[in-house]
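Numbered from 1 within each chain, the chains take letters A, B, ... in sequence-line order.
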There are 2 protein chains.
Amino acid sequence: MTNSSKIKVYQEVLEQIRFYIEKHQLSEGDKLPSERELSEQLNAARSSVREALRAIELLGLIETKHGEGTFLKTYRPYQTVELLATFVLRESTTKNELLEVMEMLEHQCLIKVQEVITDNEIDILEQEILMHEEEHLHTYVFNYFFEKVKNQLLLKVWHLINNFVQASHELTPDQNYYLHLLKLIKDKNSVEISGLLKDFYQQNYVNAR
Amino acid sequence: MTNSSKIKVYQEVLEQIRFYIEKHQLSEGDKLPSERELSEQLNAARSSVREALRAIELLGLIETKHGEGTFLKTYRPYQTVELLATFVLRESTTKNELLEVMEMLEHQCLIKVQEVITDNEIDILEQEILMHEEEHLHTYVFNYFFEKVKNQLLLKVWHLINNFVQASHELTPDQNYYLHLLKLIKDKNSVEISGLLKDFYQQNYVNAR
DNA sequence: TATTTCGGAGTGGTCAGACCACTCTTATGT
DNA sequence: ACATAAGAGTGGTCTGACCACTCCGAAATA
């Protein structure tokens, strides 16, 4: 009855493409069927297939090569980010939700990373931080941490959220923050790590009402 | 010269739509020009305009009402997250990673929920659990918790992971586990909550190596 | 006069088919 | 053996058609 009950063809196509990828265990660089082939197999007009493909192309999930075909791509959100940034309005609740989840992910990451990271690695990272420009420092440091934790899924979820956060409102990075964090990790001081993180995020939450 | 130098029509349309929104200071709920109108004004085929619109619709930036028009929408990243996640998860899906992230999400959820849930609500939920069949109990209970926390994004992420977990290897539900959990929440005993959760997941992790 | 009904105008949803531009393979000719 | 040209396959774009839905106002009705 309601509008939500009707699924558009291009959405169905999207679903089927996902199915196809799953079924054939495709991964980065693999080729998808041609637009005409998909059109025929899914019993949809080519224009509908294209609507679906263009949509996930914009998301950065596939790559299209004129005269060759459509290929799966490693997810790189950069193209989306700029677009989103223009549209993303200062919705305080959304921002806070993003930050809240982000804080949570990073908190867990820090707790886990302190158990596996070596003093030597911390020293090296410290040097990197001092050399690095402030730009993208947050992404750089936590990317390192998340990789150390060796949970790809966790890393990817964080990447996803982080990109949205960076797009909507830059976290203010500060070398000292990360250096302080490193020291606490070295001391395996979980309690203060939690405190420091909490303080940092407290500054960034948007005060609603 | 390279492939990147060529901008597709639908991308140009996208740019122009952004322009239009900026120029006319549109915000949530405002109406965009019709597809035919855009097509004419931008000198592009309607199908190209549609490719652009479908793409940003998938991103969740606009909403389309059959017979009425296309409207700007408050941006909520959730729909994208779901789609992206399917593609992202394609690569890393070991059970333990899933469970680890799941445990983490639920842990944070429980910590937060104990601060906002009332004794009365706990009692009601307890009744529900006793009546409920064991099937889907896990999903039911935590869905309730996550909604109480009032973070839609968190809920969505958990839903996603949960679906994968349920699909790949059923968590063994046990009424007593949830009743125990409820008691600890009522007592606001964070430490034991963490312990209980940890024990529960410990049983489910697959022993590697 | 007040109310209901109906149909047209505008809009999104979908399709079919055409043609162009590009890439790669292969057959052809030197 | 090599260079070249032709063809097949693919994405990029356009045109035009028809359907389904929403809305609103004019006409028919009470």
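- Here the P atom of nucleotide D:dC23 and the NZ atom of B:Lys31 are 12 Å apart, to the nearest Å.
- Rounded to an integer number of Å, the gap from CZ of B:Arg46 to C1' of D:dC18 is 11 Å.
- Atom CD in B:Glu51 sits about 14 Å away from atom P in C:dT14, given to the nearest Å.
- Remark: B:Arg54 is not in phosphate contact with C:dG12, judged by side-chain N or O atoms under 4.0 Å from OP1 or OP2.
- If A:Ser39 and A:Gly67 are placed on DNA chain C by their nearest nucleotide, the residue sitting closer to the 5' end is A:Ser39.
- Under 4.0 angstrom from either OP1 or OP2 of C:dG12 there lies at least one side-chain N or O belonging to B:Thr70.
- Map A:Tyr10 and A:Glu68 each onto its nearest nucleotide of DNA chain C; the residue landing nearer the 5' end is A:Tyr10.
- Between A:Lys6 and C:dG12, a side-chain N or O to OP1/OP2 separation shorter than 4.0 Å is absent.
- A salt bridge is defined here as a Lys NZ or Arg NE, NH1 or NH2 lying under 4.0 Å from an Asp or Glu carboxylate O, and A:Glu100 with B:Lys112 meets this definition.
- Remark: P of C:dA9 and CD of B:Glu37 are 18 Å apart, rounded to the nearest angstrom.
- Using modelled atom types, one finds no donor on one side chain facing an acceptor on the other under 3.5 Å when comparing A:Glu15 with A:Gln11.
- Below 30°, between 30° and 60°, or above 60°: for B:Phe142 and B:His138 the angle between ring planes is between 30° and 60°, a tilted geometry.
- If you measure from atom CD of B:Glu57 to atom P of C:dT11, you get 18 Å, rounded to the nearest angstrom.
- In this structure, the nucleotide among C:dG12, D:dC14, D:dG12 sitting nearest to the side chain of A:His66 is D:dG12.
- Note that NE2 of A:His132 is 11.0 Å distant from OH of A:Tyr178, once rounded to the nearest 0.5 Å.
- With rounding to whole Å, A:Arg36 atom CZ is found 7 Å from D:dG11 atom C1'.
- At whole-Å resolution of the value, CZ in B:Arg50 and P in C:dG13 are 5 Å apart.
- Taking atom CD of residue B:Glu35 and atom P of nucleotide D:dC14, one finds them 15 Å apart after rounding to whole Å.
- The pair A:Lys148-A:Glu121 counts as a salt bridge, with a side-chain nitrogen and a carboxylate oxygen less than 4.0 angstrom apart.
- Side-chain proximity of B:Ser47 to C:dT14, D:dC21, D:dT15: nearest is D:dT15.
- Between A:Ser48 and the phosphate of C:dG13, there is no side-chain N or O to OP1/OP2 separation shorter than 4.0 Å.
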